[in-house]
J.: 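Input: one structure, supplied below.
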Amino acid sequence: QVQLVESGGGLVQAGDSLRLSCAASGGTFSDYVIAWFRQAPGKEHDLVSVISGNGASIWYSNAVKGRFSISRDNAINTVYLQMNSLKPEDTAVYYCAAKRTMATFTTRNSYDYWGQGTQVTVSS
């Protein structure tokens with residue numbers, strides 16, 4: 001069983017930066033693919049970024065490519081999402097999620113473990 005805890009959200013202005021963290025416990029962290037999803041009010045979960053267990057494979061949605069950067073430190077069981085040049089449309093609850101393989105990584109229901117989420121609000 002893997003437990004995930006997100007942190008780092010907050011209220012910022014457009015153009016600012018935030019770094020989200022996803023801390024994991026239980027299991028062997030490097031065995032897991034970690035994804036960041038976000039859910040804006042009244043909308044479905046959108047996949048933002050994914051990183052493989054060893055960090056060699058990374059994916060970004062078109063909406064955040066060039067502005068967000070995902071990384072992981074397997075020594076401390078943590079994945080980061082560096083968010084730069086934030087826009088009001090980035091406002092959402094951000095969730096990290098874990099699964100064992102990169103197969104079907106774009107499919108929300110393929111993830112086995114989820115955190116509780118952290119709110120990011122970007123004002124214009």
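Treat the numbers as computed from the prediction; the structure is a model and nothing was measured.
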J.: Among all residues two or more places apart in sequence or in another chain, which pass the side chain to side chain contact (heavy atoms under 4.5 Å, CB included) test with Ser7?
T.: Ser21
J.: CG of Leu18 to CG of Leu81: how many Å apart, nearest 0.5 Å?
T.: 9.5 Å
J.: Considering residues at least two apart in sequence or located in another chain, which fulfil the salt bridge (charged side-chain N to carboxylate O under 4.0 Å, His left out) criterion with Arg67?
T.: Asp90
J.: Would you call Trp36 and Val79 a side-chain contact if the rule is heavy atoms closer than 4.5 Å?
T.: yes
J.: Sequence neighbours left out, what passes side chain to side chain contact (heavy atoms under 4.5 Å, CB included) with Ser17? Give chain and number order.
T.: Gln82, Asn84
J.: Taking only residues two or more places apart in sequence, or in another chain, which ones meet Ser110 in a side chain to side chain contact (heavy atoms under 4.5 Å, CB included)?
T.: Lys99, Thr104, Thr107
J.: Pair up each side-chain donor or acceptor in residues 54-61 with any protein partner under 3.5 Å, not counting sequence neighbours, and list the distances.
T.:
residue, atom, partner, partner atom, Å
Asn54, OD1, Ser52, OG, 3.1
Asn54, OD1, Ala56, N, 2.9
Tyr60, OH, Ile70, N, 2.9

J.: Nearest 0.5 Å, please: how far is CE in Met83 from OG in Ser69?
T.: 12.0 Å
J.: In chain order, what residues pass the side chain to side chain contact (heavy atoms under 4.5 Å, CB included) check against Ser71, with sequence neighbours excluded?
T.: Tyr80
J.: Return the OG1 to CG distance between Thr101 and Asp31, rounded to the nearest 0.5 Å.
T.: 11.5 Å
J.: Run the side-chain donor-acceptor check on residues 112-123: report pairs under 3.5 Å with partners two or more places apart or on a different chain.
T.:
residue, atom, partner, partner atom, Å
Thr118, OG1, Gly9, N, 3.1
Gln119, NE2, Ala92, O, 3.4
Gln119, NE2, Thr121, OG1, 3.3
Ser123, OG, Val12, O, 3.3

J.: With sequence neighbours excluded, what pairs up with Asn77 under the side-chain hydrogen bond (donor to acceptor under 3.5 Å, both in side chains) test?
T.: none
J.: Taking only residues at least two apart or on different chains, which pairs with a member in residues 54-87 satisfy disulfide bond (SG atoms under 2.5 Å apart)?
T.: none
J.: Any disulfide bond (SG atoms under 2.5 Å apart) involving residues 41-124? Give me the pairs, sequence neighbours left out, ordered by first then second residue.
T.: Cys22-Cys96
J.: Kindly compute the distance separating NZ (Lys87) from OG (Ser124), expressed to the nearest 0.5 Å.
T.: 13.5 Å
J.: Measure the CG-OG1 distance between Leu20 and Thr78 for me, rounded to the nearest 0.5 Å.
T.: 12.5 Å
J.: List the residues meeting side-chain hydrogen bond (donor to acceptor under 3.5 Å, both in side chains) with Tyr111, not counting sequence neighbours, and say none if there are none.
T.: none
J.: Give the minimum heavy-atom separation between Glu6 and Tyr95, together with the two atoms involved.
T.: OE2-CA, 3.3 Å
J.: Among Asp73, Val2, Ile76, Ile34, which residue meets the side-chain contact (heavy atoms from CB on, under 4.5 Å) test with Phe29?
T.: Ile34
J.: Measuring from atom CG of Asp46 to atom CZ of Phe37, what distance do you get when rounded to the nearest 0.5 angstrom?
T.: 9.0 Å
J.: Should Ile51 and Met102 count as side-chain neighbours, where that means a heavy-atom distance under 4.5 Å?
T.: no
J.: Using the test side-chain hydrogen bond (donor to acceptor under 3.5 Å, both in side chains), find all partners of Tyr32 that sit at least two apart in sequence or belong to another chain.
T.: Arg100
J.: Which pair of heavy atoms, one from Leu4 and one from Ala24, lies closest together, and at what distance?
T.: CD2-CB, 3.7 Å
J.: If hydrophobic clusters are built from ILVMFWY residues whose side chains come within less than 4.5 Å, do Val48 and Val33 share one?
T.: no
